[in-house]
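Worksheet: one structure, shown below.
First listed ligand is number 1; within each ligand, the first listed atom is number 1. Because only heavy atoms are used, hydrogens play no part in the values below, and waters and symmetry mates are left out as well, while side chains stay in.
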Amino acid sequence: MISLPLSPRHRPALRILVYAGLTSLVLWLLLHLSFDKSTPWTGFPDAERSPIPPEEWENRAERVKEAFLHAYHGYEKYAMPMDELRPVSNKGMNSYNGWGVTAFDSLDTMLLMELKEEYTRALEVVKAANFTMTRQNRGFVPFFETTIRYLGGLLSAYALTNDTLLLRRAEELADALDPVFETPHGLPAFSVNPISGEYDKNNVGILAELGSFQVEYTYLAKASGKKKYYDRVKNLNDFFHRTNFTVSRGMLPTRWNLQTGLPRDRNKVSVGAQADSTHEYLLKQYLLTGKTDKRNLESYLRTTTYILTNLLYLTPQRGLLYVTDTTFPTYDDPAGVPSHTFEHLSCFLPGLLALGAHTLPLNNLESVGLDYTSLGDGPLYNGTSQFYKALKDFDLKQLHLWAAEGIAQTCWLTYADQPCGLGPEEVLMLTEPARHWDAAAKKWVPQSRSYLWTDAMRKWKKGGARGPIPGVSPKRPAPWTEEDRAAGKPNERDYHVSKAGYLLRPETVESFYLLWRTTGDVKWRTRGWAIFEAVERETRTNGGYVTLKNVATSPTTKGDSMPSFFLAETLKYLYLLFKEDDPLPLDRWVFSTEAHAVPVFEWTDEEREGEGLIE
Ligand code: DMJ
């Protein structure tokens with residue numbers, strides 16, 4: 001041991017120095033070992049560590065184009081003109097009417113990727129389809145899937161080419177579907193027989209299927225100049241506008257009775273399965289109409305306010321931010337019961353919130369004639385004003401963006417946590433203890449006196465708050481393999497996988513695309529690339545790309561299907577995520593729920609009310 005030749009006079013000073021040194025070391029370790037620190041953690045694949053040059057991003061976009069060609073050529077070779085490819089048995093199958101849904105759904109992706117030959121061949125399928133005839137489902141055509149996949153594909157291809165054949169076919173299809181609106185309240189039934197005009201008489205209406213035609217039908221009315229298409233949209237908006245949303249607290253409930261026009265008992269509010277795209281269209285309809293359709297903007301704000309104050313939670317250990325659903329036990333009971341499931345389908349929400357934060361004056365809604373806190377007033381929204389009051393002092397734009405980033409990170413982690421690098425269809429979050437996100441976010445603000453909550457909110461508004469934000473700061477993946485399970489290693493992921501399949505869905509990369517375009521943060525691109533690499537590694541077959549039965553192993557059991565949305569959405573969003581230029585700027589184009597881009601247009605009040613259009 002080395003002994004320092006110090007005089008007794010110097011010893012106390014040395015002791016102080018040693019204590020100070022040790023204290024600094026402990027503080028440094030505490031700061032740097034904490035997960036929730038504000039400097040980014042850079043352990044993600046390839047990413048965030050060293051900049052990737054623009055040429056490399058272009059190469060990656062080309063890799064996605066190659067993947068699209070592989071998938072589409074497999075479809076052409078083994079399945080066309082049937083609907084979808086079975087990529088294991090290399091056969092076709094009819095899932096939606098047998099008119100060739102993959103060809104229709106892929107039209108605008110081909111145009112974006114400049115795949116002229118494939119596009120020309122797909123047009124032959126478009127010309128040949130007989131919209132009044134299907135051999136499936138006793139001749140019945142499902143309204144929702146037909147609208148978002150076929151009609152959306154036709155309209156976007158028309159918008160990109162001005163080819164009137166596509167518009168004509170879109171009108172023929174909408175006319176064949178039209179009897180679906182002959183229900184007592186004019187809400188679309190599940191399906192229709194275009195020959196007899198008979199519609200499905202099941203009285204249960206699912207929110208996603210009731211309202212996800214707004215964007216397509218509004219653009220169709222504008223492009224064709226025909227009022228009848230917009231009438232269907234207007235009726236839906238009028239209907240929602242006079243409905244009492246007291247029970248579901250201002251949000252559109254998931255299940256409806258088509259006969260009575262009322263929400264059903266034991267109703268639920270959700271942004272996931274059976275609900276998702278109708279919420280999505282509230283914002284998109286407002287944007288599509290050149291920000292003129294104010295009622296949809298109001299509904300979007302009511303919906304997101306309820307989501308932010310009631311449906312967002314943090315997991316107990318990792319502090320993952322997630323959105324879940326709530327069921328109201330009886331029609332008269334306002335207390336909801338959250339399920340704490342987090343669905344892959346809900347991963348579109350972060351992208352939507354980012355799009356809203358980017359395009360709306362959330363901190364100055366007066367500039368568009370809205371008084372935010374009054375959105376909870378009136379008998380139809382009774383009991384909801386507390387939610388607006390709770391948020392009124394926040395920097396609302398920032399809050400929406402934080403929620404977007406936090407949820408998107410959780411979507412990403414449900415991929416990065418899995419041995420195969422692809423995310424499951426649904427997880428069940430651990431809830432001991434459950435914490436509301438907004439309550440935790442409030443606590444995050446440093447407070448020195450109990451009444452300082454409002455001051456703290458003002459601080460946020462001024463951007464003066466410091467420190468990690470709950471659920472938003474960087475978190476590490478927590479892999480947990482089958483071997484770990486067998487060895488009894490604790491599961492540190494904070495969730496159980498409740499539906500283990502990976503279905504080639506777009507929602508996570510869709511949100512990454514919107515977050516990349518609206519924030520410019522490259523981590524969304526690099527995470528998207530990690531997902532694309534996993535798709536290539538785990539799902540590619542000789543014929544195309546397969547769904548997976550269980551993300552817990554790699555390789556894993558394959559499902560024999562390649563849904564058309566993989567080509568329409570997943571590969572399109574990945575391609576646009578990596579493209580250096582922006583062929584579809586978000587202030588000029590709106591992506592439908594099936595990722596079909598249609599252009600924003602200006603609409604006068606008269607036009608919006610249906611005047612000036614042909615009867
Ligand atoms: C797509 O068909 C659409 O995005 C729809 O709105 C719901 N989800 C599927 C893909 O997951």
Side-chain angles (χ1 to χ4, degrees), residues 71 83-85 95-97 101-109 141-156 188 190 205-217 252 254 270-285 288 303 323 325 341-352 355 408 411 414-415 422-427 499 501-514 531 535 539 545-548 551 559 561-574 576 590-598:
D83 282 334
E84 290 177 327
L85 171 69
S95 30
Y96 300 108
N97 314 329
V101 75
T102 300
F104 281 78
D105 224 1
S106 302
L107 289 172
D108 53 322
T109 314
V141 170
F143 175 68
F144 167 73
E145 299 290 357
T146 303
T147 300
I148 66 170
R149 300 189 196 221
Y150 284 98
L151 189 60
L154 286 169
L155 291 171
S156 184
F190 170 74
I206 299 303
L207 182 65
E209 301 188 347
L210 300 185
S212 305
F213 66 92
Q214 282 211 70
V215 163
E216 289 84 354
Y217 274 62
L252 298 169
T254 304
S270 165
V271 295
Q274 304 191 340
D276 45 11
S277 40
T278 293
H279 300 307
E280 178 185 349
Y281 274 11
L282 301 175
L283 175 64
K284 292 189 169 176
Q285 176 74 3
L288 177 69
T303 301
V323 60
D325 53 73
T341 55
F342 177 54
E343 302 169 56
H344 192 291
L345 283 168
S346 303
C347 284
F348 81 97
L349 180 68
L352 187 72
L355 181 65
C411 295
T414 65
Y415 280 63
L422 294 167
E425 180 69 356
E426 185 182 290
V427 300
K499 288 186 187 163
Y502 169 72
L503 304 186
L504 295 167
R505 285 194 193 278
E507 292 78 15
T508 297
V509 293
E510 166 183 349
S511 282
F512 289 4
Y513 169 67
L514 290 166
I531 290 176
V535 166
T539 75
Y545 291 83
V546 292
T547 54
L548 303 178
V551 293
S561 70
M562 184 177 79
S564 69
F565 55 65
F566 177 63
L567 295 96
E569 301 189 71
T570 312
L571 292 177
K572 181 188 288 142
Y573 282 125
L574 283 166
L576 291 173
V590 167
F591 288 92
S592 78
T593 190
E594 190 77 358
H596 296 306
V598 286

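In this structure, Tyr96 has its ring center no closer than 6.0 Å to that of Tyr150.
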* To do: Given salt bridge (charged side-chain N to carboxylate O under 4.0 Å, His left out), test Glu426 with Lys499 step by step and report yes or no.
  => CA-CA 5 Å; Glu426 185 182 290; Lys499 288 186 187 163; 3.5 Å; yes
* **Glu569 and Arg505: CA distance, side-chain angles, deciding distance, salt bridge (charged side-chain N to carboxylate O under 4.0 Å, His left out) verdict** => CA-CA 8 Å; Glu569 301 189 71; Arg505 285 194 193 278; over 6 Å; no
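With a 4.0 Å cut-off on non-hydrogen atoms, Ile148 touches ligand 1 through its side chain and not its backbone. Contacts between Pro506 and ligand 1 below 4.0 angstrom, taking non-hydrogen atoms only, involve the side chain exclusively. Using a 4.0 Å cut-off between heavy atoms, Glu569 contacts ligand 1 through its side chain alone, with no backbone atom that close.
Looking at Arg149 next to ligand 1, no N or O pair under 3.5 Å apart turns up. Below 3.5 Å of separation, one finds no N or O of Glu145 facing any N or O of ligand 1.
Distance from atom 2 (O) of ligand 1 to its nearest protein heavy atom, with residue and atom name: Glu594 OE1, 2.7 Å. Here the heavy atom of the protein found nearest to atom 4 (O) of ligand 1 is Thr593 O, 2.8 Å. Asp276 OD2, 3.9 Å is the protein heavy atom nearest to atom 7 (C) of ligand 1.
Of all atoms in ligand 1, listed by their number and element, those nearer than 4.0 Å to a heavy atom of Arg505 are 8 (N), 9 (C), 10 (C), 11 (O). Of all atoms in ligand 1, numbered sequentially from 1 with element shown, those under 4.0 Å from a heavy atom of Leu345 are 8 (N), 11 (O).
Of the N and O atoms on the side chains of Glu425 and His344, not one donor lies less than 3.5 Å from an acceptor on the other residue.
Using a 4.0 angstrom heavy-atom cutoff, Glu507 counts as in contact with ligand 1.
Glu209 is linked by a side-chain contact (heavy atoms from CB on, under 4.5 Å) to Phe144, Phe190, Ile206, counting only residues two or more places apart in sequence or in another chain. Listed by chain and number, the residues in a salt bridge (charged side-chain N to carboxylate O under 4.0 Å, His left out) with Asp105 amount to none (sequence neighbours excluded).
With a 4.5 Å cut-off on side-chain heavy atoms, Val551 and Tyr415 do not count as touching. No side-chain heavy atom of Asp83 sits less than 4.5 Å from a side-chain heavy atom of Thr102.
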